[in-house]
Amino acid sequence: MAFCASALAAAKPGFDRMTAAEYKQTLHDGIHAYNRRDYARAFPLLKRAACAGDKTSQALVGQMSILGQGTQQDDLTGYAWIKTAAEFHFTDFTRLARRLGRALTPERRVVANERARRLLSDYGMRTTQMGCRGESRHGAHMVDTVVCTPADAGGPYVWVHRCIETTQ
């Protein structure tokens with residue numbers, strides 16, 4: 001049985017196979033820690049979800065990077081994560097990415113955009129196979145949140161893209 005599980009995990013290089021419940025719990029715990037301002041706990045959990053392709057986590061990891069919350073302060077990497085989240089075209093993410101991009105000097109913007117290009121290549125929806133949709137949590141017709149779901153791996157399992165070691 002262990003051989004079968006290991007063979008299945010090896011069938012998708014760069015991904016971990018985990019239960020959907022485990023993935024949801026990681027995301028929930030990260031957001032809960034962030035809301036409690038426990039940034040040291042929130043950052044690694046949200047980064048795990050960001051590498052998996054979750055757009056809200058990517059935006060939060062970007063904000064935390066800019067502010068130095070739970071990680072070393074790095075505005076260029078923060079901008080790059082937010083720009084990666086903006087791939088989904090959710091207004092909050094795209095507006096923030098544009099505003100941050102305009103605040104950078106032209107030279108720093110070139111560096112930041114290259115980081116964003118690499119992050120998008122490594123953690124964009126195509127690479128991570130994450131499916132995202134906009135939802136209205138408050139019953140209105142306005143999309144106010146983004147919900148992302150990892151690729152199905154059969155039964156209760158999903159494929160979760162793992163972080164690449166060299167990524168900020």
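Along the sequence shown, residues are numbered consecutively beginning with 1.
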Distance check, rounded to the nearest 0.5 Å: Tyr34 atom OH versus Leu46 atom CG?
8.5 Å
Are any non-hydrogen side-chain atoms of Thr149 and Arg133 less than 4.5 angstrom apart?
yes
Salt bridge (Lys or Arg N to Asp or Glu O under 4.0 Å) between Arg48 and Asp16: does it pass, once the steps are laid out?
CA-CA 11 Å; Arg48 175 70 171 113; Asp16 293 320; 2.8 Å; yes
Ion pair Arg115/Asp74, N-O distance below 4.0 Å
yes
Looking at Phe93, I want to see if its CZ is surrounded by more than 12 non-hydrogen atoms of other residues, nucleotides or ligands under 6.0 Å.
yes
Would you check if the side chain of Thr19 reaches a backbone N or O of Pro156 as a donor-acceptor pair within less than 3.5 Å?
no
Looking at Val61, is its backbone amide N or carbonyl O close enough to the side chain of Ser65 to form a donor-acceptor pair, meaning the two atoms are under 3.5 Å apart?
yes
Taking all non-hydrogen atoms of both residues, which atom of Ala59 and which atom of Ala85 are closest, and how far apart?
N-CB, 3.7 Å
Quick one: OG1 on Thr94 to NZ on Lys83, what's the gap to the nearest 0.5 Å?
11.5 Å
For the CD atom of Gln73 and the CG atom of Leu67, what is their distance to the nearest 0.5 Å?
7.0 Å
Report whether Leu60 and Phe43 are members of the same hydrophobic cluster (ILVMFWY, side-chain heavy atoms less than 4.5 Å apart, transitive linking).
yes
Residue that, paired with Trp81, satisfies side-chain contact (heavy atoms from CB on, under 4.5 Å) out of Gln63, Lys47, Met64
Lys47
What distance separates Thr128 OG1 from Gln58 CD, expressed to the nearest 0.5 Å?
7.5 Å
With sequence neighbours excluded, residues passing salt bridge (Lys or Arg N to Asp or Glu O under 4.0 Å) with Arg95
none
Flag yes if more than 12 heavy atoms outside Arg36 fall under 6.0 Å of its CZ atom; otherwise flag no.
yes
Glu87 (side chain) donor-acceptor with Leu120 (main chain) under 3.5 angstrom
no
Enumerate the residue pairs fulfilling disulfide (SG to SG under 2.5 Å) with a member in residues 100-132, sequence neighbours excluded, ordered by first and then second residue.
Cys132-Cys148
Give a yes or no on whether Tyr79 and Leu96 share a hydrophobic cluster (residues Ile, Leu, Val, Met, Phe, Trp, Tyr; joining criterion: side-chain heavy atoms under 4.5 Å apart).
yes
Kindly determine whether Thr71 and Tyr39 satisfy side-chain contact (heavy atoms from CB on, under 4.5 Å), including the steps that lead there.
CA-CA 8 Å; Thr71 189; Tyr39 302 126; over 6 Å; no
Honestly curious: do Ile164 and Leu76 fall in one hydrophobic cluster under the side-chain, below-4.5 Å linking rule?
no
Any side-chain heavy atom of Leu104 within less than 4.5 Å of one from Val111?
no
Applying the side-chain contact (heavy atoms from CB on, under 4.5 Å) test to Lys12, which of His161, Gln129, Arg17 qualifies?
Gln129
Show the nearest heavy-atom pair for residues Thr127 and Ser121, with the distance to one decimal.
OG1-O, 2.6 Å
Name the orientation class of the two ring planes belonging to Trp159 and Phe15 (parallel below 30°, tilted from 30 to 60°, perpendicular beyond 60°).
perpendicular
Measure the CE-OG1 distance between Met125 and Thr84 for me, rounded to the nearest 0.5 Å.
12.5 Å
Considering all heavy atoms of both residues, which atom of Tyr123 and which atom of Ala50 are nearest to each other, and what is their separation?
CB-O, 4.0 Å
Would you say the side chain of Leu27 lies within less than 4.5 Å of the side chain of Thr56, judging by non-hydrogen atoms?
no
Keeping Thr26 on the side-chain end and Glu22 on the backbone end, is there a donor-acceptor pair under 3.5 Å?
yes
In Å and rounded to the nearest 0.5 Å, what is the CD1 to OG1 distance from Ile82 to Thr77?
11.0 Å
